[in-house]
Novice: 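Quick one: the structure is below, and I'll ask about it shortly.
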Amino acid sequence: SSLGCDDELDVAINAQRIITSLSNDKELIRAGIQLSLLYYELNKETSVEKNKKNDILNKKEIIREIGETICYPIPLRNWDYFNMSGISDNNNIKLVLSAMIAVLLDSEDFEDCIKKAGSCFDHASFLSFNTGLLAEKVFGVPSDMANDGYTYLHASPSLYDVVAEFEKKFPPHIVKKRSIIKRKF
């Protein structure tokens, strides 16, 4: 909902409009607005300098600040808490969002982030998708992973065209290939 918005007010109004079409739960609406604002903030340039490490640290600090307003006041760094306790359907949305933010803050790169999000018990697809959106803004998607994704789109020319058109308007953050030596299995 934050893509193409000019300021924070536009982001909040657009997010609220989208979420109220799905649910009237006030907690869910508030969380959706906060996530949209988080994505909007990460889209803006956070660092003038070209130091990649500082840029990642600045973006993680933005995530920590906004995450603490969305989630329970629990340590967001401790990803093992969520892995061990599991996140079940009867937990509220704040715990799921806490897990998403904890995974992102604890990750070293894009691949590490997706693997950790996918290993959460009940909401793996939701966590992986939303964490991946934020991880792209923080770490960037390795070019070999992005290229592998495009090969799956060739089976559907119409879907490939939609993605290509979207990426013209909102270019993805693609970084160099992964280092096979540094990969963790």
Side-chain angles (χ1 to χ4, degrees), residues 1-23 25-79 82 87 92-114 116-118 120 123 125-142 145-146 163 166-176:
S1 68
S2 67
L3 294 174
C5 292
D6 295 328
D7 59 17
E8 286 89 351
L9 183 60
D10 284 345
V11 172
I13 291 170
N14 197 25
Q16 183 172 3
R17 182 175 49 81
I18 290 169
I19 296 162
T20 51
S21 69
L22 302 171
S23 169
D25 182 349
K26 289 181 183 179
E27 187 177 299
L28 190 62
I29 293 168
R30 183 175 175 274
I33 291 170
Q34 291 294 331
L35 280 177
S36 295
L37 288 169
L38 174 57
Y39 193 78
Y40 176 78
E41 288 297 321
L42 290 176
N43 255 341
K44 295 187 329 188
E45 285 296 319
T46 58
S47 174
V48 180
E49 55 190 68
K50 299 206 181 208
N51 186 342
K52 183 181 172 188
K53 186 167 183 141
N54 282 342
D55 192 42
I56 289 173
L57 292 174
N58 289 341
K59 288 179 179 179
K60 281 190 171 185
E61 193 55 40
I62 290 171
I63 290 168
R64 184 181 312 287
E65 287 173 16
I66 295 178
E68 288 173 352
T69 67
I70 302 173
C71 307
Y72 289 123
I74 56 177
L76 295 174
R77 295 178 296 281
N78 190 357
W79 122 267
F82 303 105
I87 303 169
N92 79 33
I93 191 71
K94 285 186 177 182
L95 187 57
V96 176
L97 295 175
S98 293
M100 183 183 84
I101 291 170
V103 164
L104 190 66
L105 292 176
D106 193 49
S107 298
E108 296 175 17
D109 56 28
F110 183 83
E111 185 178 10
D112 184 37
C113 190
I114 298 301
K116 286 178 179 175
C120 286
H123 297 284
S125 59
F126 174 82
L127 285 171
S128 297
F129 174 76
N130 286 291
T131 306
L133 289 173
L134 295 174
E136 176 199 348
K137 294 300 172 191
V138 175
F139 304 110
V141 180
M145 287 181 90
V163 171
F166 180 82
E167 287 186 348
K168 283 181 189 173
K169 191 169 184 181
F170 305 105
H173 182 204
I174 306 290
V175 294
K176 66 180 184 169

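When reading the values below, keep in mind they use all heavy atoms of this one structure, side chains included, and skip hydrogens, waters and symmetry mates. Quick note: residue numbers are just sequence positions, from 1.
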Novice: Quick check against the 3.5 Å criterion: does Glu136 have a side-chain atom that pairs as donor or acceptor with the backbone of His173?
Specialist: yes
Novice: May I ask you to decide if Lys137's main-chain N or O and Lys59's side chain share a donor-acceptor pair within less than 3.5 Å?
Specialist: yes
Novice: What pairs of donor and acceptor atoms, side-chain ones from residues 3-14 against any protein atom, are under 3.5 angstrom apart with sequence neighbours left out?
Specialist:
unit_1 : atom_1 : unit_2 : atom_2 : d
Asp7   : OD1    : Leu9   : N      : 3.4
Asp7   : OD1    : Asp10  : N      : 2.9
Asn14  : OD1    : Arg17  : NH2    : 2.3
Asn14  : ND2    : Ser1   : O      : 2.7

Novice: Can you name the ring-ring contact (aromatic ring centres under 6.0 Å, His included) partners of Phe166, sequence neighbours left out?
Specialist: Phe170
Novice: Atom CG in Asn58, atom CD1 in Ile63: separation rounded to 0.5 Å?
Specialist: 11.0 Å
Novice: Report the distance from atom CD of Glu111 to atom CE of Met145, rounding to the nearest 0.5 Å.
Specialist: 5.0 Å
Novice: State which residue, out of Ile101, Leu104, Val138, fulfils the side chain to side chain contact (heavy atoms under 4.5 Å, CB included) condition with Thr131.
Specialist: Leu104
Novice: What residues form a side chain to side chain donor-acceptor pair (under 3.5 Å) with Lys60, not counting sequence neighbours?
Specialist: none
Novice: Quick one: side-chain contact (heavy atoms from CB on, under 4.5 Å) partners of Ser107, sequence neighbours excluded?
Specialist: Val103, Asp112, Cys113, Lys116, Phe139
Novice: What is the distance from atom CD1 of Ile33 to atom OG1 of Thr20, rounded to the nearest 0.5 Å?
Specialist: 8.5 Å
Novice: With sequence neighbours excluded, tell me which residues meet side-chain contact (heavy atoms from CB on, under 4.5 Å) with Ile114.
Specialist: Phe110
Novice: Show the nearest heavy-atom pair for residues Ala15 and Ser36, with the distance to one decimal.
Specialist: CB-OG, 3.4 Å
Novice: Between Leu38 and Leu42, is there a side-chain heavy-atom distance shorter than 4.5 Å?
Specialist: yes
Novice: Within the 4.5 Å heavy-atom criterion, are Met100 and Leu134 side-chain neighbours or not?
Specialist: yes
